[in-house]
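Heads up: the structure comes next, in structure tokens.
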Amino acid sequence: MPGFEAFGEEEKKHIQDVLDSGILMRYNFDALRNGNWKSKELEEAIQQKINIPYAHLTSSGTTALIAAIKSLGIGAGDEIILPTFTFVASFEAVLFCGAIPVFADVDETLTLSPQSVKKSISARTKAIMSVHMCGAMADLDSLIEIAKEYNLFLIEDACQSIGGTYKNKYLGTIGHIGCFSFDFVKTVTCGEGGAILTNDKNMYDFCHQFSDHGHDHLGNDRGAERHPLTGLNFRISELHAAVGLGQWGKLDEIISKQRKLKSILKTILMQNSEVKFRKIPDENGDNGSFLSLFLDDETSARNIFSELKKQSIPCAYWFDNHWHYIKKWDHFKNLKNDHTLFKEQRDLLPDYENQDFSASDEILKKTITLPISLKWTEEKAEEIGNTIHQILIQQKIKFSK
Ligand SMILES: *Cc1c(COP(=O)(O)O)cnc(C)c1O
């Protein structure tokens, strides 16, 4: 998954350009910057690569999500449907826009179950946030159909699936608005950073303005710019964008390496006909950063997880994870008692603690996920694959059908 494993001379060169000019801010200082516009250059490179007219960089994936939600006019008391398996930033963004996170179950795609989304729609629902977890996509055709039927926005949180596609379109460019994260462990990194992607000029204008205190970015005198809206500072710095430019140039290489290593691993594990893999709606579009397996049950999953740990093979068991699965989000479930939120918002929050997410539990309980490392050689991937294969056989684990 992480682009930081590919950090090298290209990133250093772009950083050095910025250091030589001494201008670390993305706007203004035209005469002093030696022609360096790293943020702009990265936005253009993203637009070109993923074929979208508007990309705007921000300080993080979280701030990208906040600006994206606000650009849709979603706020106080509105509901956004999102999956129980995601990263905490997804509900944080919804919450700090004044809106209400409503969780729907995930299915064997490890992303939103369209049936569960349908059941979660209320008169207050404004958007579906599809989170393309672990490098691969949700069932987007079904989600688009639901969004159309109920007149909802589709937001794509593609923070973990940069470079992935669905039916030949890049993830993040398919819904009304999409977001990338370039934090340190993502497919490509800026150190910290994010991007908002959209086909809509009005949403784009809102996003670049909102992310810079409402500046309209017209003309070349920053001090004289007007402020069509009230915003915040979600800007990326030129140093971060410089890192990102170096990384972005390696995206194809990163994706093809991940896919190759993942396929080596998967081919070895497939010798065992009982192994069951995560369902991926468009296998060709998987960015290859993770391989997820379903074990028979919770006990088998826990056994295999601890055996892999003993053998120093990196592996995630999301069911116990504090960042990614709703079961352990106690801080979030306690928000009803957080007096710093408006009472009106607290009163609208569902009783998350007592909601039934057993359908998600059933999936996550038996899931283990192997991250694909860019540092592996093909031989290393084979070696790891064979070790896991042996562990599965030795433990005589029977996989679910
Ligand atoms: C990383 C991530 C984010 C947030 O990105 P940051 O850049 O860390 O703020 C949001 N959603 C998902 C699914 C993520 O994995």
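Read the numbers this way: they start at 1 and go in the same order the structure lists the ligands and their atoms.
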Is there at least one pair of N or O atoms, one from [X] and one from ligand 1, spaced under 3.5 Å apart?
{"X": "Q160", "result": "yes"}
{"X": "G61", "result": "yes"}
{"X": "H324", "result": "no"}
{"X": "K186", "result": "yes"}

Within the 4.0 Å heavy-atom shell around [X], which atoms of ligand 1 are there?
{"X": "G193", "answer": "7 (O)"}
{"X": "D183", "answer": "1 (C), 6 (P), 7 (O), 8 (O)"}
{"X": "A89", "answer": "3 (C), 4 (C), 10 (C)"}
{"X": "V131", "answer": "13 (C)"}
{"X": "S60", "answer": "7 (O), 9 (O)"}
{"X": "C159", "answer": "2 (C), 3 (C), 10 (C), 11 (N), 12 (C), 14 (C)"}

- Message: Does any part of the side chain of T187, heavy atoms only, come nearer than 4.5 Å to the side chain of L251, both counted from C-beta?
- Response: yes
- Test item: side-chain donor near acceptor, D200 and T198, under 3.5 Å: no
- Salt-bridge contact E43-R26 (side-chain N to carboxylate O under 4.0 Å): yes
- Item | Cation-pi check, K327 onto F319 ring (under 6.0 Å, within 45° of axis) | yes
- Query: Which one of N303, D296, D297 satisfies the side chain to side chain donor-acceptor pair (under 3.5 Å) criterion with S300?
  - Reply: D297
- Option among K38, H14, R33 that satisfies the side chain to side chain donor-acceptor pair (under 3.5 Å) test with E238: R33
- Query: If you measure from each heavy atom of A64 to ligand 1, is any distance below 4.0 Å?
  - Reply: no
- Would you say the side-chain atoms of D212 pair up with the backbone N or O of H208, donor to acceptor, closer than 3.5 Å? no
- How does T62 reach ligand 1, by side chain, by backbone, by both or by neither, if only non-hydrogen atoms under 4.0 Å count? both
- From CA spacing to verdict: ring pair (Phe, Tyr, Trp, His ring centres under 6.0 Å), F332, F103: CA-CA 12 Å; F332 170 73; F103 289 95; 5.6 Å; yes
